There are 2 protein chains.
Amino acid sequence: MSRKIANPAKQADGKDYLAHIAYDSVVFGFSGDKLKILLMEYRNTGLFALPGGFVGRKMNLDDAVRAGLEERTGLSGIYMEQFHTFGDCNRQDASVLKKIMKANGIEAEKDHWLLDRFISVAYYALINYKAVKLQPDALSDSCDWYPVDALPQLILDHGKIVEKALQALRWNTDDRIIGMKLLPEKFTMKELQQVYENILGEQLERANFQRKMIASGLLTRHAAQFTGKAHKAPYLYSFAEKKTSVF
Amino acid sequence: MSRKIANPAKQADGKDYLAHIAYDSVVFGFSGDKLKILLMEYRNTGLFALPGGFVGRKMNLDDAVRAGLEERTGLSGIYMEQFHTFGDCNRQDASVLKKIMKANGIEAEKDHWLLDRFISVAYYALINYKAVKLQPDALSDSCDWYPVDALPQLILDHGKIVEKALQALRWNTDDRIIGMKLLPEKFTMKELQQVYENILGEQLERANFQRKMIASGLLTRHAAQFTGKAHKAPYLYSFAEKKTSVF
DNA sequence: TATTATTGTGTCTTTTTGATACAATGAATG
DNA sequence: CATTCATTGTATCAAAAAGACACAATAATA
């Protein structure tokens, strides 16, 4: 709920946004052999939340989410998938919101539109970690990466949302090229394997993984990378084209 | 959008429902070796639509959908899955809605809440065809089954919704017991195979299908069914317990 | 030059899948 | 009542995929 509200004046009433509808995004990146996600920390509260926002009255849902993601990451053409809509009544918690608003000097009248009930459409995005320039929003003082296996406590049902995003991501492994979006243009076989291991949550046989990936025809091999490490230099690979996946 | 509005009085203003939020359901059933879905036909319009409804202000999204499904089918404990939320601006079409409202004697003022923009959360449900007692709603004069490979033209983006529901259903084949929900308690191997063939949209080898299903350990075999047909009587099977699937 | 930590490949076994064959069964046929 | 017919249950064989593991290649380092 670290909501993107570019112009805080608009926030005073919610007239520019569709009432009751929000989105949250789980942004995955890969670095240091770990799968990570983006979290916002609210100013003066110690509260962590997923980046999210509202949907302009004249805006397609997808476009609203994409715009929010692009603004926060500085990237364009982001790969994203909608995975679930959270609509329980009890996902609201006025006390948390009031705390955030108070810490930001926003008057929290009892019938403030932000305190009303919201249904949240959740998306996950896969981005190239290295390419991102993070940009916190008006209410947050930080926007940073956290490994999915060591997240801080999140507000509201955001923990559940992350859980479901991971599930959805694992699912899509069957049908989509995940590595392509999470890794830079060129990468080693080891990095690719680590991405899959992180997502699937299990160890894979190195030799067999390599065999399958090569056999899939998805990869193009480039010149070897000289790492300066005490062993054979690994080849670099890149994705060639979109085909059905291997798993 | 054949919306369940039990009390038409409530409809006059949308105060009892969350603004801008609707749901649509794609109800799958299996009969006569075909996969079918439920469609509503609006009175005096010839327009077909998915059954749907709105979300009460104090109601969980899932519960609202479940309640609507139960009311329409007369069943309880329905298996349902949310699969996508449709949020494009242009999914609205005031002229269609006005036509429906007019045909039902509802005054369609320019700012009627039904004519406002709606985001629709879509669910699919799997039900035992034979157990259903269909129940049209106030705006519809029929509620009936149509084979998915021969649907009439649907209003708005409902065609797209059905398309996506089928996709989602195919996906879930990898991980869920679909036959269990679409077939009666006991069924023949042939019926089970037909369900899978309908959903996957491809022919399966009878002998291999049988082998895999038996090997999966999901099925319990019962006494053979004497059909009166000129051949060996097939065994009846039922599902034993929930395990990970075979495909 | 041997050692070490990888990476790239080869190969053997096991499991899964696809294709096909065939026996069993219950009614219909004459 | 034997024969034919349609369909079901099971077996079998070959091909493909997956899992396990061995080993050669290579770049730094000692």
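Every value quoted in this text rests on a predicted model; they were computed, and no experiment measured them. Chain naming here is simple, since letters A, B, ... match the order of the sequence lines and numbering starts at 1 in each.
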Closest to the A:N208 side chain, choosing from C:dG8, D:dG19, D:dT8: D:dG19
Nearest-angstrom distance from the residue atom CD of B:E202 to C1' of C:dT17: 13 Å
Protein-nucleotide distance (A:E205, atom CD; C:dT9, atom P), rounded to Å: 17 Å
Check: A:F187 ring centroid to A:F239 ring centroid under 6.0 Å: yes
Closest listed nucleotide, where the reference is the side chain of B:A207 and the choices are C:dT9, D:dG9, C:dT20: C:dT20
Whole angstrom value for the distance that separates C1' of D:dA11 from CZ of B:F209: 19 Å
Degree of bending in the helix from C:dT1-D:dA30 to C:dG30-D:dC1 once both end axes are built from five pairs, to 10°: 20°
Interatomic distance where CZ belongs to B:R206 and P belongs to C:dA21 [whole Å]: 13 Å
Ring geometry between B:F48 and B:Y146 (parallel below 30°, tilted from 30 to 60°, perpendicular above 60°): perpendicular
Nearest-0.5 Å distance, CG of residue B:L126 to OH of residue B:Y79: 6.0 Å
d(CE, B:M213; P, D:dG9) in whole Å: 13 Å
B:E202, CD atom: more than 12 neighbouring heavy atoms under 6.0 Å: yes
B:L35 side chain near B:L182 side chain, heavy-atom distance below 4.5 Å: yes
Shortest side-chain distance from B:K232, nucleotide among C:dA24, C:dG8, D:dT10: C:dA24
Interatomic distance where CZ belongs to A:R211 and C1' belongs to C:dT13 [whole Å]: 12 Å
Whole angstrom value for the distance that separates P of D:dG9 from CG of B:L192: 12 Å
Atom CD of A:E163 with >12 non-hydrogen neighbours under 6.0 angstrom: no
Nearest-nucleotide pick for A:A233, side chain only, options being D:dT26, D:dA22, D:dA27: D:dA27
Euclidean distance, atom CD of residue B:Q193 to atom P of C:dG18 [Å, nearest integer]: 13 Å
